[in-house]
Number of protein chains: 2
Amino acid sequence: MAQQIPAPLGRGPKRNLFTHVVASLGLRIIKGELNPALPFPKEADLGAEFGASRSVIREAVKSLAARGLIASQTRTGIRVLEPINWNLLDAEVLNWRYSTMPQAEFYGELFEIRLLIEPEAARLAAIRGSTAEIAIIEKAFAAMSEAARTGTSGVAADLAFHRAILAAAHNALLLQMGNLIAVGLDIAHRLSSESFAVFLPMHQRVLDAIIARDSDAAGNAMRHLLSETREFMSRLIWA
Amino acid sequence: MAQQIPAPLGRGPKRNLFTHVVASLGLRIIKGELNPALPFPKEADLGAEFGASRSVIREAVKSLAARGLIASQTRTGIRVLEPINWNLLDAEVLNWRYSTMPQAEFYGELFEIRLLIEPEAARLAAIRGSTAEIAIIEKAFAAMSEAARTGTSGVAADLAFHRAILAAAHNALLLQMGNLIAVGLDIAHRLSSESFAVFLPMHQRVLDAIIARDSDAAGNAMRHLLSETREFMSRLIWA
DNA sequence: TTTTATCATATTATCAGATAATATGCAGAC
DNA sequence: GTCTGCATATTATCTGATAATATGATAAAA
């Protein structure tokens with residue numbers, strides 16, 4: 001039988017059908033359009049809607065289930081799980097949430113966690129970081145400086161800086177929080193592409209404290225950096 | 001053609017083929033038996049190994065990919081991702097990791113995070129918690145007391161207590177950390193089934209501080225509870 | 001009336017065997 | 001050497017089956 005023509009479906013990168021279905025359903029769930037109280041479309045219906053075969057639909061369902069968004073059962077069908085089950089730290093879920101929540105609210109939530117995690121991570125990095133690990137932090141900072149000088153985007157370097165600190169703290173669970181930071185930086189970059197240059201000196205202070213193995217100073221410098229960034233962003237959001 | 005008889009494969013609940021394949025591969029990846037440097041088996045090979053059709057294998061692959069463990073690409077095949085991409089806070093990944101890591105190491109990592117998160121959560125709960133939310137904390141504590149009195153397992157109530165505090169802190173990302181606590185309590189329970197009775201008074205102190213809206217006291221009480229628990233567990237692990 | 005046992009049915013779970021898309025590496029041209 | 005085009009291996013997607021299972025209806029029993 002002739003292959004079905006994939007429906008054009010308008011916007012969206014649509015790298016492949018699977019990705020499209022996952023993103024589309026994921027977003028609908030996060031938005032609340034599909035929720036635990038409502039009956040979820042059957043595999044067959046989803047297939048018809050997306051112009052996809054059952055295989056693709058089922059793979060998408062498994063992908064969303066792995067993120068804690070839905071569960072499926074023989075005869076019962078698919079159902080949306082309560083938000084408490086959602087893997088909010090999953091990069092995709094994080095982005096879907098970010099794109100649907102009020103910016104200020106999401107940002108407040110995000111920075112509350114960052115302020116909880118990162119100062120302690122900086123403190124631990126100053127204590128536990130190997131010289132090699134600290135060198136990576138240094139290198140990331142150098143890249144940030146370079147980006148500031150040349151006026152190119154320093155988002156990647158900024159992210160690398162914060163991730164390197166998490167890595168130097170020697171706690172894998174802590175490192176996981178990198179996703180949060182990535183989203184946070186992405187927002188910051190969209191709001192103000194030069195913002196990170198302003199905060200370069202504060203990054204420097206964090207770095208110096210870690211190099212000096214001064215754990216308290218490192219923690220404080222990081223706390224200061226994050227507080228100031230939050231302030232700065234708040235002003236941008238409310239402006 | 002006759003349906004293939006699902007291989008008995010020995011132990012394991014084996015609720016269904018899909019779950020079995022996911023758990024089996026997930027564990028192998030976490031263990032490092034399958035790693036980024038090694039070529040990953042092809043879909044066809046996996047199918048042969050597990051006695052499963054390609055559909056099941058592909059669904060399992062998507063499920064593991066959603067957890068950040070692997071990625072697959074046309075022609076290139078499947079590959080294991082670097083550990084930094086793993087969703088360590090996913091309940092399954094957490095359990096796989098727990099079952100393969102040295103207990104002391106895992107426990108240290110876990111409590112480092114809990115000590116970071118939960119005192120602040122308790123503090124915020126004392127400030128932001130609605131009366132209804134605080135009532136839930138109270139109810140969980142009552143259930144813990146009851147369990148202690150009757151000698152039944154209080155793990156569920158204990159988990160409910162800590163989750164209720166996270167919920168009362170009004171930060172969805174914070175709530176996500178409940179998975180960590182669940183694993184932590186599970187370990188504690190396996191090591192010493194009566195341990196939670198010992199810590200009942202410390203839980204009471206946390207609860208009282210939250211009811212009294214004394215945020216600092218709540219934070220300190222939680223910190224104390226966790227430190228003592230960690231101490232207690234360390235002794236058990238090394239004994 | 002209430003409970004328990006039986007059964008039909010709807011939906012996911014799994015299987016089988018296709019074709020399509022695509023990244024890789026090789027071979028040949030420049 | 002570098003580029004271009006082609007063959008190939010592997011995943012991506014489709015199609016159409018059969019199997020397993022939870023649900024609700026129905027019937028039987030208490």
Side-chain angles (χ1 to χ4, degrees), chain A residues 1-9 12-25 29 34 36-66 68-81, chain B residues 1-9 12-25 29 34 36-66 68-81:
Chain A
M1 197 137 302
Q3 291 298 97
Q4 194 154 352
I5 295 158
L9 263 196
K14 184 89 158 301
R15 290 201 297 273
N16 57 36
L17 244 181
F18 166 79
T19 306
H20 176 243
V21 173
V22 169
S24 179
L25 290 178
I29 292 167
L34 293 169
L38 258 46
F40 203 90
K42 293 173 285 189
E43 286 181 356
D45 295 339
L46 291 172
E49 178 190 343
F50 288 103
S53 70
R54 248 190 94 202
S55 324
V56 170
I57 299 299
R58 284 185 57 78
E59 286 164 20
V61 164
K62 293 300 184 187
S63 184
L64 292 169
L69 298 186
I70 61 181
S72 85
Q73 210 178 12
T74 308
R75 156 85 211 208
T76 309
I78 305 165
R79 65 183 204 283
V80 175
L81 298 181
Chain B
M1 195 138 300
Q3 290 300 96
Q4 195 154 352
I5 296 156
L9 264 196
K14 184 87 158 305
R15 291 200 297 272
N16 56 36
L17 243 182
F18 166 80
T19 305
H20 175 244
V21 172
V22 169
S24 180
L25 290 178
I29 293 166
L34 293 169
L38 259 47
F40 203 91
K42 294 174 284 191
E43 288 180 353
D45 295 340
L46 291 173
E49 178 189 343
F50 289 104
S53 71
R54 246 191 97 201
S55 323
V56 169
I57 298 299
R58 284 186 57 78
E59 286 164 19
V61 164
K62 292 301 183 186
S63 183
L64 293 169
L69 298 186
I70 60 182
S72 86
Q73 211 178 12
T74 307
R75 157 84 210 209
T76 310
I78 305 165
R79 75 199 140 84
V80 175
L81 297 181

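Each chain gets a letter, A, B and so on, in the order the sequences are listed, and its residues count up from 1. Note: hydrogens, waters and symmetry copies are ignored here, and every other heavy atom, side chains too, is used. Quick caveat, the model's predicted, so the values are computed rather than measured.
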Enquirer: Residues in side-chain hydrogen bond (donor to acceptor under 3.5 Å, both in side chains) with A:S53, at least two apart?
Expert: none
Enquirer: Taking CD1 from A:I57 and P from D:dA12, how many angstroms apart are they, rounded to a whole number?
Expert: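 It is 16 Å, rounded to the nearest whole Å.
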Enquirer: Please report, to 0.1 Å, the donor-acceptor pairs under 3.5 Å made by any side chain of residues 74-81 of chain A, with sequence neighbours excluded.
Expert:
from  : atom 1 : to    : atom 2 : distance (Å)
A:T76 : OG1    : A:Q73 : OE1    : 3.3
A:T76 : OG1    : A:T74 : O      : 3.4

Enquirer: Please report the distance, rounded to the nearest Å, between CD in B:E43 and P in D:dT10.
Expert: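 B:E43 atom CD is separated from D:dT10 atom P by 11 Å.
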Enquirer: Working to the nearest 0.5 Å, report the span between CD1 of B:I70 and CG of B:L34.
Expert: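 Result: 9.5 Å between the selected atoms.
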Enquirer: Give a yes/no on whether any side-chain N or O of A:R54 is located under 4.0 angstrom from OP1 or OP2 of D:dC14.
Expert: no
Enquirer: A:L46 has an atom CG; how far is it from atom C1' of C:dT12, in whole Å?
Expert: 12 Å
Enquirer: Just verifying a value: how many Å separate A:S55 OG and B:R54 CZ, rounded to the nearest 0.5 Å?
Expert: 9.5 Å
Enquirer: For B:F50 and C:dC15, give me the distance from atom CZ to atom P, rounded to whole Å.
Expert: 12 Å
Enquirer: Considering only nitrogen or oxygen atoms on both sides, find all protein atoms under 3.5 Å from nucleotides 21-23 of chain C and state each distance.
Expert:
from   : atom 1 : to    : atom 2 : distance (Å)
C:dA23 : O3'    : B:T76 : OG1    : 3.3

Enquirer: Should A:S53 be listed as having a side-chain N or O under 4.0 Å from OP1 or OP2 of D:dT13?
Expert: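 The answer is no; no side-chain N or O of A:S53 sits under 4.0 Å from OP1 or OP2.
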Enquirer: With a cut-off of less than 4.0 Å, is there a side-chain N or O of B:R58 near OP1 or OP2 of D:dT11?
Expert: no
Enquirer: What's the CZ-P distance between B:F18 and C:dC15, to the nearest Å?
Expert: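 Nearest whole value for this atom pair: 13 Å.
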Enquirer: Measure from CG on B:D45 to P on D:dT10 and round the result to the nearest Å.
Expert: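 The answer, rounded to whole Å, is 8 Å.
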Enquirer: Rounded to whole angstrom units, what separation is found between the CG atom of B:N16 and the C1' atom of C:dC15?
Expert: 15 Å
Enquirer: Can you tell me how far apart CG (A:L64) and CG (A:L69) are? Round to the nearest 0.5 Å.
Expert: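 Spacing of CG (A:L64) from CG (A:L69) equals 5.5 Å.
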Enquirer: Quick check: on DNA chain D, is the nucleotide nearest B:F40 upstream (toward 5') of the one nearest A:V56, or the reverse? Name the residue that is more 5'.
Expert: B:F40
Enquirer: For B:R79 and C:dT24, give me the distance from atom CZ to atom C1', rounded to whole Å.
Expert: 14 Å
Enquirer: Look at all strands and tell whether A:S72 reaches a base, only sugar-phosphate, or nothing, counting heavy atoms closer than 4.0 Å.
Expert: sugar-phosphate
Enquirer: When rounded to the nearest 0.5 angstrom, what distance separates CD in A:E59 from NZ in B:K62?
Expert: 5.5 Å
Enquirer: B:A66 and A:A66: which non-hydrogen atoms are nearest, and at how many Å?
Expert: CB-CB, 3.7 Å
